[in-house]
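Inspection log for the structure reproduced underneath, given as structure tokens.
Here is the naming used below: chain letters follow the sequence lines, and residue numbers restart at 1 for every chain.
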Amino acid sequence: MAEDLVLDTAIRNWVLIPLSVVMVLIGVLRYFVSKLMRSDQIPDVKIVKEGQLVIRARNLRSSANFIPAKSFRARRHYYSNEENGLLHVPKGQAQNPQAQMFSDPNMAMDMMKKNLSMIIPQTLTFAWVNFFFSGFVAAKIPFPLTQRFRGMLQNGIDLSTVDVSYVSSRSWYFLNLFGLRGLFSLILGEDNATDDTQRMMQMGGFGFDPTRSLGAEKDNLDIVQHEWALPKFEQRAEAVLKKLVS
Amino acid sequence: MAAHEGSSGKDEIPTFNAENMLNNTRIINYSRTFMSIIGGVIAGILGFTSLTGFIFYFLVMAITSAGLGAKTGFSVHSYFDSWNRIILDGLLSGLLSFVLFWTFAYDIVHIF
């Protein structure tokens, strides 16, 4: 490859470090702004009820083996019988989530706010980087890459003779954008890191359908193989005691 | 690592607490991210390039796994459902952070 380029120290002092620092600070700022803008909406009673119901059914399912078979059957009947079981959703009563979403303008508003708080800073930073720092090599990644990465890493430099491992400032911005996610999850807590993916889920699925989760939980409950654990525990106690004595 | 799943013996019903395990998994991810960032800075300062750096990353991850294993007192099954949690979980999620900090430190120290 071509011999090493000599980069000006001023690039380090005035481009590389400031860019990274600004990216971190903007990430922190975005976190607090989105925290401030988040409106505490009062959750719908019905949705909360259904969520709690699913959790209760799940608890029953996970600890089914610790109660006698009769008790388990009684509980299962309580949850999933066809007449008035809690998990049983009559047909036709299922609400369309899309319609529900349009009936509640708050939800759409909230989502728009979230999206804006993500898009605006990104656009601004990108414009800032583009305006001030375009047209020169800002960094060098310490491993070789194939020519295919040229478009990705040397965005803004139209030279084909420069080694691909040299990175333009615009691409350094993108590297920061993705690489700092880990740092944010450390300094801001888990919820920040998952925010993006959650947002994607919301946009894709448009809210979850509570009736569907109820139905799924009912099916799960129906196929549980019940086996009471208590008889085995006597054997286990015996083993433990024997170990203690010997 | 506050959580544990209860005792585990041979041929027995598995008893574990899903919330506690979720917490443990989160701790693993935290440590991995932290170690990948620290490892990136170290690799950059030491001036590793190309393959050496990536080997260093996996070395750091192996050390993290060993550390997590030591933290559980090598009785992994009372904290996690399998060894894979400790060895494989989040192995590649820290790679991007690692590359970023590696590049950053390497550029600052060696390029200019």
Please flag which part of A:Thr9 lies under 4.5 Å from any non-hydrogen atom of chain B: side chain, backbone, both or neither.
-> both
Could you look at B:Ile108 and say if it's the side chain, the backbone, both or neither that has a heavy atom under 4.5 Å from chain A?
-> both
With a 4.5 Å limit on heavy-atom distance, are the side chains of A:Phe143 and B:Thr49 in contact?
-> no
Examine whether an atom of A:Ala239 lies under 4.5 Å from a heavy atom of chain B, and if so say whether it belongs to the side chain, the backbone or both; otherwise answer neither.
-> neither
How close do A:Gly182 and B:Ile37 get, heavy atom to heavy atom, and via which atoms?
-> C-CD1, 4.4 Å
Check: B:Phe101 and A:Leu180 side chains under 4.5 Å, non-hydrogen atoms | yes
Look at atom CH2 of A:Trp14 and say whether more than 12 heavy atoms of other residues, nucleotides or ligands are closer to it than 6.0 Å.
-> no
Side chain, backbone, both or neither of A:Asn13 within contact of chain B (heavy atoms, under 4.5 Å) = neither
So, the side chain of B:Ser97 versus the backbone of A:Gly179: is there a donor-acceptor pair under 3.5 Å, distance only?
-> yes
Side-chain heavy atoms of A:Ile141 within contact of B:Trp102, under 4.5 Å = no
Measure B:Phe34 against the heavy atoms of chain A and call it side chain, backbone, both or neither at under 4.5 Å.
-> both
Just by distance, do the side chain of B:Asp107 and the backbone of A:Lys140 share a donor-acceptor pair under 3.5 Å?
-> yes
Please flag which part of B:Phe48 lies under 4.5 Å from any non-hydrogen atom of chain A: side chain, backbone, both or neither.
-> backbone
Criterion side chain to side chain contact (heavy atoms under 4.5 Å, CB included) on A:Trp172 and B:Leu100, from CA distance to verdict | CA-CA 9 Å; A:Trp172 176 247; B:Leu100 177 74; 3.8 Å; yes
Positions in residues 70-78 of chain A that reach chain B, provided some heavy atom is under 4.5 Å away | none
Nearest 0.5 Å please: distance from the CG atom of A:Leu186 over to the OG atom of B:Ser36.
-> 8.0 Å
Between A:Ser185 and B:Tyr30, the two heavy atoms sitting closest are O-CE2, 3.2 Å
